[in-house]
Amino acid sequence: MKAIQLEQPKQFRRIDIAEAPKPGPDEALLRVDRIGICGTDISGFLGKMPFFSYPRIPGHELGVEVLEVGLDVTNVKLGDRCSVEPYINCGHCYTCRRGFTNCCETNKTLGVMCDGGMCERMILPARKLHRSEKLSFEQLALVETLAIGCHAVNRGEPKASEHVLVIGAGPIGLSVIEFARLSGAKTIVMDMNEQRLAFVRETMSVPDTILTKGDGEELKRLTELTNGQLADVVVDATGSNRSMGHALNYCAFKGRLVYVGITQSEISFLHAPALHRRELDIRASRNALPGDFTRIIELIERNEIDTKPWITHHAAFDEMIEAFPSWTRLETGVIKAMVAV
Ligand SMILES: NC(=O)c1ccc[n+]([C@@H]2O[C@H](COP(=O)([O-])OP(=O)(O)OC[C@H]3O[C@@H](n4cnc5c(N)ncnc54)[C@H](O)[C@@H]3O)[C@@H](O)[C@H]2O)c1
Ligand SMILES: [Zn+2]
Ligand SMILES: [Zn+2]
């Protein structure tokens, strides 16, 4: 069957791979219908993703159909349409045993640390499938991106009476915005790119945005928008270590700061004036939990999340290699590109 492999940075190749085997007792054989492309795939393509190894079949945002299930599978059946939770956890480490399957000590994310879904059919543990009778394959492929934002907002625990500042309005920031809004908290979005802030105001209907130039004006504007209190929850979705270090200054006293963006660099900040004086909590956010997938599917089914603005670009499987480089350029306005297998 056909597959697409990232041989090395900037080099995709159409390959033929062996047909998927019969599913084991806990597994399902799946037909891949849609693949969402995200920043992780783009960083892997550009050679900037530290967890990515080559050669690799990418694809972790998947909308799939169940073709066959193993003897012990009860959560899905032949013909079901599913979203895939792509974090393949071990199930027995200390972290998995406590239910934190999102940060298993030996987690392998599909398409990043092991081969993913950019192929026609694949085998997965059935417990990684989340079915829906209503969602399209494209919507199912979008669930994983939304799950990253859902988990990050859960980590921040905003209350309806609070202010949430989201820094970085890329796809991950946008998914954070969806759940910050659902929490009822007043949501404010900061970025250094005006095109992205315009998208937030016009398409996501979040009126309060702050264009940061790093000149101190952004703190004044945030102070005004929060009645002088600053943000109870700050979620940094930039991946910039400078922004992440600076983000403490935007937190209210007793605030929570969530790092959903990822950096390989050191983050620096002043302890006494920033962290200690305000008694802040800094929390990481990694991947998402099974319950996040279930919740998001229900929210889309009830039209509480509108997926239309999200999917901006499309390509057929055979056009993907040619189209991909254009998706790495911000000017093209790409939020989410979908590949149809
Ligand atoms: N926690 C997880 O499990 C998880 C999962 C997927 C992606 N990520 C990470 O999330 C981050 C964001 O991903 P994305 O695809 O949205 O990236 P992106 O590059 O499309 O978006 C980042 C945004 O941040 C803005 N930005 C950068 N530096 C800034 C600064 N100093 N101040 C204000 N804004 C700034 C950029 O203008 C851009 O709009 C990445 O670091 C990615 O690796 C985390
Ligand atoms: Zn992704
Ligand atoms: Zn584990």
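One is the number of the first residue; the rest follow in order along the sequence. Note that ligands are numbered from 1 as they come in the structure, with each ligand's atoms numbered from 1 the same way. All values below were derived from every heavy atom in this structure, side-chain atoms included, with hydrogens, water molecules and symmetry-related copies excluded.
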Ranking Gly173, Ala237, Gly239 by closest non-hydrogen atom to atom 22 (C) of ligand 1, top hit is Ala237
Residue, atom and distance of the protein heavy atom nearest atom 6 (C) of ligand 1 read Ile172 CD1, 3.7 Å
of all protein heavy atoms, closest to atom 35 (C) of ligand 1 is Thr238 CG2, 3.5 Å
closest protein heavy atom to atom 28 (N) of ligand 1 is Met192 CE, 3.5 Å
Residue, atom and distance of the protein heavy atom nearest atom 41 (O) of ligand 1 read Ile262 N, 3.0 Å
If we only count N/O pairs under 3.5 Å, is Asn287 in contact with ligand 1? yes
Among N, O or S atoms, His60 approaches the Zn ion (ligand 2) most closely through NE2
When every non-hydrogen atom of Pro58 is compared with those of Gln5, the smallest separation belongs to CD-CA, 4.5 Å
- Classify the angle between the aromatic ring planes of Phe45 and Phe12 as parallel (below 30°), tilted (30 to 60°) or perpendicular (above 60°). parallel
Report task. Assess whether side chain to side chain contact (heavy atoms under 4.5 Å, CB included) is satisfied between Ile188 and Val206, documenting all intermediate values. Result -> CA-CA 7 Å; Ile188 301 163; Val206 175; over 6 Å; no
When distances are taken from atom 37 (O) of ligand 1, the protein heavy atom at minimum range is Asp191 OD1, 2.7 Å
Legend entry - Close N or O approach (Ile148, ligand 1; < 3.5 Å): no
Would you call the rings of His130 and Phe293 parallel, tilted or perpendicular, where under 30° means parallel and over 60° means perpendicular? parallel
shortest atom 20 (O) of ligand 1-to-protein heavy-atom contact is with Arg196 NH1, 2.9 Å
Residue, atom and distance of the protein heavy atom nearest atom 44 (C) of ligand 1 read Val260 O, 3.0 Å
Under 30°, 30 to 60°, or over 60°: which ring-plane class applies to Phe52 and Tyr54, parallel, tilted or perpendicular? tilted
For atom 24 (O) of ligand 1, the closest protein heavy atom turns out to be Gly168 CA, 3.4 Å
SG (Cys38) to the Zn ion (ligand 2) to OE2 (Glu61), nearest 10°, is 100°
Salt bridge (Lys or Arg N to Asp or Glu O under 4.0 Å) with Lys220: of Glu224, Glu217, Glu218, only one passes, and it is Glu217
### Task
Consider every N or O of Thr212 and every N or O of ligand 1, then say whether any pair is closer than 3.5 Å.
no
- Task: Look only at interatomic distance and state if Gly261 has a nitrogen or oxygen under 3.5 Å from any nitrogen or oxygen of ligand 1.
- Result: no
Per side chain to side chain contact (heavy atoms under 4.5 Å, CB included), Val233 is matched among His163, Glu157, Arg256 by Arg256
Minimal heavy-atom distance between Ile177 and Val200, with the atoms involved, is CD1-CG2, 4.0 Å
_N/O separation below 3.5 Å, Thr40 to ligand 1_ = no
So the atoms of ligand 1 within less than 4.0 Å of a heavy atom of Arg286 turn out to be 3 (O)
| query | Does any N, O or S atom of His92, backbone or side chain, fall under 2.8 Å from the Zn ion (ligand 3)? | reply | no
* **Heteroatom proximity flag, Met190 to ligand 1, N/O under 3.5 Å** => no
